[in-house]
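Since this is a predicted model, take the numbers as computed values, not measurements.
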Amino acid sequence: MTNVQKGLAEFIGTFWLVFGGCGSAVLAAAFPDVGIGLLGVSLAFGLTVVTMAYAIGHISGCHLNPAVTIGLWAGGRFEARDIPLYVVAQVFGAIVAAFLLFYIASGNPAYDLATNGLAANGFGGGSPGGYDIWSGLIIEVVLTAGFLWVIMGATDGRAPAGFAPIAIGLALTLIHLISIPVTNTSVNPARSTGPALVVGGLALQQLWLFWLAPLVGGAVGGWLYRTVGVDSFPKPNIEGD
């Protein structure tokens with residue numbers, strides 16, 4: 001695959017993740033009488049990864065997340081020279097999704113950005129449950145590390161073939177079930193950047209944590225699996241040719 005193809009795949013995939021995941025939170029979570037709630041939002045994020053992993057895994061590897069890209073590099077699965085291409089594509093995909101989602105949400109006269117938000121991440125005053133900066137930092141590092149451990153293990157050549165997208169999607173669902181009350185769940189700097197740029201204010205001021213913690217956690221998780229798991233990675237449909 002060419003770099004253009006990989007970049008476009010990452011752009012589209014990350015757009016899908018943010019539009020589907022954050023869209024479920026903004027448009028459907030609290031819909032009168034039949035809202036999907038926290039469980040539904042968690043599942044929506046997982047489903048975006050499952051569907052895109054099958055759709056573009058053979059093109060770009062379906063990272064959709066700078067922390068995953070860094071984690072795969074730390075785990076010996078990804079070339080450093082390709083990191084900027086992937087990260088830029090992921091961030092732009094997230095930004096386009098966030099602005100489009102805001103436009104759609106604004107079509108409802110009852111929607112107010114200051115009141116309803118755009119599923120932005122935060123700690124302290126920006127945390128859904130009022131959790132402080134240390135709770136936010138720790139949970140984002142730990143869960144991103146765990147996410148990379150699952151990704152590395154599920155895509156290991158010794159793992160059952162064909163099930164990696166399901167395991168990875170379920171892992172992201174679990175991560176959201178755990179941490180939505182704490183930070184609204186990032187584990188993905190691109191996912192955090194899109195909504196923060198639309199919302200501004202506190203979300204934008206706190207964005208640094210949702211780059212720092214997932215990148216650290218991703219690198220730790222990738223390195224740890226490479227060290228402990230004695231990595232074996234012959235599958236061509238994860239990183240793309």
Side-chain angles (χ1 to χ4, degrees), residues 13-14 16-26 28-29 36-53 57 61-72 74-75 90 94 97 118-123 126-129 131 133-155 159 163-196 203 206-207 209-225:
T14 311
W16 186 247
L17 182 146
V18 174
F19 192 76
C22 294
S24 71
V26 174
I36 61 176
L38 186 152
L39 177 60
V41 173
S42 301
L43 185 59
F45 271 100
L47 288 173
T48 63
V49 170
V50 172
T51 52
M52 272 297 154
C62 192
H63 297 190
L64 317 185
N65 181 344
V68 171
T69 298
I70 293 296
L72 291 174
Q90 292 155 3
L118 204 72
N121 302 115
F123 55 87
S127 163
Y131 289 84
I133 185 174
W134 291 108
S135 294
L137 179 68
I138 292 169
I139 202 165
E140 288 288 333
V141 169
V142 170
L143 290 179
T144 312
F147 191 38
L148 262 295
W149 180 274
V150 172
I151 291 170
M152 295 283 289
T155 56
F163 292 99
I166 297 172
I168 295 167
L170 288 175
L172 190 61
T173 299
L174 174 61
I175 286 168
H176 279 78
L177 288 172
I178 296 167
S179 60
I180 285 178
V182 183
T183 61
N184 221 15
T185 309
S186 172
V187 301
N188 184 338
R191 172 263 184 270
S192 297
T193 300
Q206 296 184 346
L207 180 60
L209 184 140
F210 301 104
W211 274 87
L212 175 65
L215 290 180
V216 170
V220 169
W223 171 84
L224 193 61
Y225 188 86

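Residues P165 and V50 approach most closely at O-CG2, 3.3 Å, considering heavy atoms. The nearest pair of heavy atoms linking A159 to G153 is CB-O, 3.4 Å. For S186 against R191, the heavy-atom pair with the smallest separation is CA-CD, 4.1 Å. For the pair T51 and T48, the tightest heavy-atom approach, listed with the atom from each and the gap, is OG1-O, 3.1 Å. Here the closest heavy-atom approach between residue A67 and residue T144 is recorded as CB-CG2, 3.8 Å. Nearest heavy-atom pair across A190 and A94 is O-CB, 3.0 Å.
Under the side-chain hydrogen bond (donor to acceptor under 3.5 Å, both in side chains) rule, T185 has a single partner from S42, S179, S192, which is S179.
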Pair F45-V41, side chain to side chain contact (heavy atoms under 4.5 Å, CB included): steps then yes or no
CA-CA 6 Å; F45 271 100; V41 173; 3.9 Å; yes
Step by step, would you call T173 with L47 a side chain to side chain contact (heavy atoms under 4.5 Å, CB included)?
CA-CA 8 Å; T173 299; L47 288 173; over 6 Å; no
Applying side chain to side chain contact (heavy atoms under 4.5 Å, CB included) to F123 and V182, what does each step give before you reach the verdict?
CA-CA 7 Å; F123 55 87; V182 183; over 6 Å; no
When you look at V141 and V220, which way does the side chain to side chain contact (heavy atoms under 4.5 Å, CB included) test go after all the steps?
CA-CA 9 Å; V141 169; V220 169; 5.6 Å; no
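The closest side-chain heavy-atom distance from N184 to S127 is not below 4.5 Å. Annotation: side chain of L72 is in contact with side chain of M152 (closest heavy-atom distance under 4.5 Å). I178 is listed as a side-chain neighbour of L174, based on a closest heavy-atom distance under 4.5 Å. Taking the side chain as every heavy atom from C-beta outward, C22 and L118 never approach each other to under 4.5 Å. F210 places a side-chain heavy atom less than 4.5 Å from the side chain of T183.
Other residues, nucleotides and ligands contribute more than 12 heavy atoms inside 6.0 Å of the CH2 atom of W211.
Expressed to the nearest 0.5 Å, how far CH2 of W134 lies from CG of L209 amounts to 9.5 Å. How far CG of L172 is from CD1 of I151: 8.5 Å, rounded to the nearest 0.5 Å. To the nearest 0.5 Å, the span separating CD1 on I168 from CZ on F147 amounts to 6.5 Å. Q90 CD to N188 CG: the interatomic distance, rounded to the nearest 0.5 Å, is 7.0 Å. Separating the CG atom in L215 from the CD atom in E140 is a distance of 11.0 Å, to the nearest 0.5 Å. Interatomic distance, H63 NE2 to T14 OG1, rounded to the nearest 0.5 Å: 10.5 Å.
The aromatic rings of W149 and Y225 lie perpendicular to each other, with more than 60° between the two planes, well past the 30° mark.
Among residues two or more places apart in sequence or in another chain, the ring-ring contact (aromatic ring centres under 6.0 Å, His included) test is passed with F19 by F15.
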